Amino acid sequence: MESVTLGPLVISLPRLFLILSVVATFVVASWWERRRDVALTAPLTAAVVAGFLGGRAVYVVQHWSYYRDAPVEMLYLWQEGYSAAAGIAIALVAAVLLGVWRRAPQRHLLAPLLTGAVLWFGLNLGAAQFSDTSEHPIPDIVVYDLDDQPLALNSFTGKPVVVNLWATWCPPCRREMPVLESAQSQRDDIHFVFANQGESPDDVAAYLDEEGLGLENVVLDQASRVADHFGAHGMPVTLFFNSQGQLVDAHMGEVSGARLHQYLQDIDG
C-alpha cells in the first residue's frame with residue numbers, strides 16, 4: 001500500500017505529500033520573512049486556507065449529483081475530496097489579492113506558495129514513477145463467513161469486486177459502513193466483500209446487529225492475512241478489483257460517498 005508507518009500512525013502518501021508541501025511553504029515563508037523583513041505568516045495562512053476551502057468547494061460542485069442528496073457531507077473536511085489544481089490556483093490568486101490589499105510585493109507571498117506547489121507536484125510525480133505497476137490478482141486466501149464456513153477470497157468472480165478491510169474497534173471503519181452498505185444495495189453488478197480483520201464471529205455479529213447493518217458477504221480474516229498480503233498497515237482499506245480479478249485501485253482511510261462513486265465508475269474502465 002502507498003503509505004508510511006510512523007509508530008502507531010499510518011499516513012497515506014498523498015496526505016503525507018500534502019503535509020510536507022504545506023510545511024515547506026511556511027518554512028520558506030519564515031526564511032523570507034527574516035531575509036526581507038516582511039510579515040508573511042498571517043496573509044500566507046489566509047491564502048492557504050482559501051486554497052483548501054476553494055479546492056473543496058470545486059470538488060463539491062464537480063460531484064454535486066452526490067452531495068445534493070447528502071449536503072452535510074460537504075463539511076466532512078477530513079475526508080479525501082479536494083480539487084488540487086483548483087486549490088492551488090485559488091491560493092495563488094488569494095496571495096496576489098492579499099498582496100494588493102496590503103500594498104506589498106506579491107512575490108513575497110507567491111514564492112513560498114510556488115515552492116510548496118512545485119514540491120507537491122514533484123512528490124506525486126515521483127511516487128507515480130516508482131509505484132508498483134505489476135498485476136495484483138485477488139488472492140486465494142481462505143476466509144470464513146459468520147457461520148464459520150470457509151471460502152476463498154478469489155471465489156468472488158464474474159464481476160468487479162470491492163474488498164473492504166475493517167474492524168469494529170476502528171472509528172473511520174464504522175463511519176464509512178453506511179456509505180458502503182448503500183453502494184452495495186445499489187450496485188448489484190459489483191461484489192462487495194467486507195473482510196473483518198482479526199475479530200471473532202460473535203464480536204462482528206454483535207456489531208452488525210447493534211448498528212442495524214444489512215451487509216452481505218461479511219467474512220472473517222482472523223489472522224489478518226489479506227491485510228498482510230497487500231501490505232495494509234492501517235484500517236480501513238478498500239481494494240478495487242476489475243472483473244478480471246486484477247487490483248486497479250486502493251483507498252486507505254475513510255472513503256466518502258462521492259469518492260467511492262468515482263472508484264466504482266472507474267473500476268472496470
Side-chain angles (χ1 to χ4, degrees), residues 2 11-29 40-102 104 106-125 127-128 171-172 175-180 182-183 186 236 238 240 249-267 269:
E2 295 184 345
I11 306 175
S12 65
L13 287 186
R15 188 159 294 187
L16 177 63
F17 294 161
L18 177 61
I19 293 171
L20 291 175
S21 299
V22 171
V23 169
T25 296
F26 283 96
V27 168
V28 171
L40 299 179
T41 300
L44 186 61
T45 300
V48 170
V49 170
F52 274 109
L53 295 179
R56 179 64 170 181
V58 169
Y59 183 87
V60 168
V61 171
Q62 291 173 334
H63 299 86
W64 181 244
S65 60
Y66 173 81
Y67 286 106
R68 179 180 57 220
D69 299 323
V72 71
E73 292 189 23
M74 290 187 287
L75 303 178
Y76 294 177
L77 301 182
W78 62 87
Q79 293 182 342
E80 184 178 320
Y82 293 84
S83 171
I88 292 171
I90 291 169
L92 292 174
V93 170
V96 171
L97 294 177
L98 286 166
V100 171
W101 179 52
R102 289 173 171 264
Q106 286 90 346
R107 69 177 183 275
H108 293 326
L109 288 172
L110 291 177
L113 284 172
L114 288 172
T115 299
V118 169
L119 178 61
W120 182 83
F121 277 114
L123 289 171
N124 280 282
L125 182 61
R175 286 197 302 266
E176 73 178 3
M177 276 299 168
V179 169
L180 292 164
S182 176
Q186 295 171 17
T238 308
F240 300 87
D249 223 326
H251 183 95
M252 182 177 179
E254 181 181 352
V255 64
S256 68
R259 190 70 181 97
L260 179 62
H261 179 69
Q262 276 186 287
Y263 282 126
L264 298 184
Q265 282 186 316
D266 299 338
I267 196 170

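Keep in mind that this is a model prediction, so the values were computed, not measured.
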Colleague: Any idea which heavy atoms bring Ala94 and Ala47 closest together, and the distance?
Modeller: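 Minimum heavy-atom contact is CB-CA, 4.0 Å.
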Colleague: If only atom types and distance count, is the side chain of His251 paired as donor or acceptor with the main-chain N or O of Glu254 below 3.5 Å?
Modeller: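 Yes, His251 side chain to Glu254 backbone: donor-acceptor pair under 3.5 Å.
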Colleague: Taking only residues two or more places apart in sequence or in another chain, which ones pass side chain to side chain contact (heavy atoms under 4.5 Å, CB included) with Ala84?
Modeller: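 Side chain to side chain contact (heavy atoms under 4.5 Å, CB included) list for Ala84, sorted by chain: Trp120.
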Colleague: State, with a plain yes or no, whether a side-chain heavy atom of Ile88 is found less than 4.5 Å away from one of Leu113.
Modeller: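 A side-chain contact under 4.5 Å is absent here.
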Colleague: Rounded to the nearest 0.5 Å, what separation is found between the OG1 atom of Thr45 and the CG atom of Leu98?
Modeller: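 Separation between the atoms: 10.5 Å.
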Colleague: Please give me the minimum heavy-atom distance between Val179 and Gly257, naming the atom from each residue.
Modeller: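 Reported closest heavy-atom pair: CG1-CA, 3.6 Å.
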Colleague: Between CD1 of Ile90 and CZ of Arg56, what distance do you get to the nearest 0.5 Å?
Modeller: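 Rounded to the nearest 0.5 Å, the CD1-CZ separation comes to 13.5 Å.
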Colleague: Could you check whether any side-chain heavy atom of Leu110 comes within less than 4.5 Å of a side-chain heavy atom of Leu92, counting everything from C-beta outward?
Modeller: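 Yes. Closest side-chain heavy atoms under 4.5 Å.
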Colleague: Considering non-hydrogen atoms only, spot the tightest contact between Ala95 and Leu109 and give its length.
Modeller: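 Closest heavy-atom pair between Ala95 and Leu109: O-CD1, 3.4 Å.
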Colleague: How close do Leu123 and Ser21 get, heavy atom to heavy atom, and via which atoms?
Modeller: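 Looking at all heavy atoms of both residues, the closest pair is CD1-OG, 4.5 Å.
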Colleague: Please tabulate, for side-chain N and O atoms in residues 58-65, each donor-acceptor pair with protein atoms closer than 3.5 Å (sequence neighbours left out).
Modeller:
| unit_1 | atom_1 | unit_2 | atom_2 | d |
| --- | --- | --- | --- | --- |
| Tyr59 | OH | Gln262 | OE1 | 3.0 |
| His63 | ND1 | Tyr59 | O | 2.9 |

Colleague: If every non-hydrogen atom of Asn124 is compared with every non-hydrogen atom of Phe17, which pair is closest and at what distance?
Modeller: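 For Asn124 versus Phe17, the nearest heavy atoms are OD1-CD1, 3.8 Å.
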Colleague: Please examine the side chains of Tyr66 and Glu73, heavy atoms only from C-beta on, and report whether any two atoms are closer than 4.5 Å.
Modeller: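 Sidechains of Tyr66 and Glu73: in contact.
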Colleague: Determine whether Val48 and Phe26 make a side-chain contact, defined as any pair of heavy atoms from C-beta on separated by less than 4.5 Å.
Modeller: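 Contact flag for Val48/Phe26 side chains = yes.
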Colleague: Side-chain contact, heavy-atom cut-off 4.5 Å: Glu176 with Thr238?
Modeller: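 They are in contact (side-chain heavy atoms under 4.5 Å apart), so the answer is yes.
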Colleague: Are side-chain heavy atoms of Tyr263 and Arg259 found at a separation under 4.5 Å?
Modeller: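 Yes - at least one pair of side-chain heavy atoms lies under 4.5 Å apart.
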Colleague: Check each of Leu16, Leu18, Val22 against Leu20 using the side chain to side chain contact (heavy atoms under 4.5 Å, CB included) test, and report the only one that passes.
Modeller: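 Of the listed options, the one satisfying the test is Leu16.
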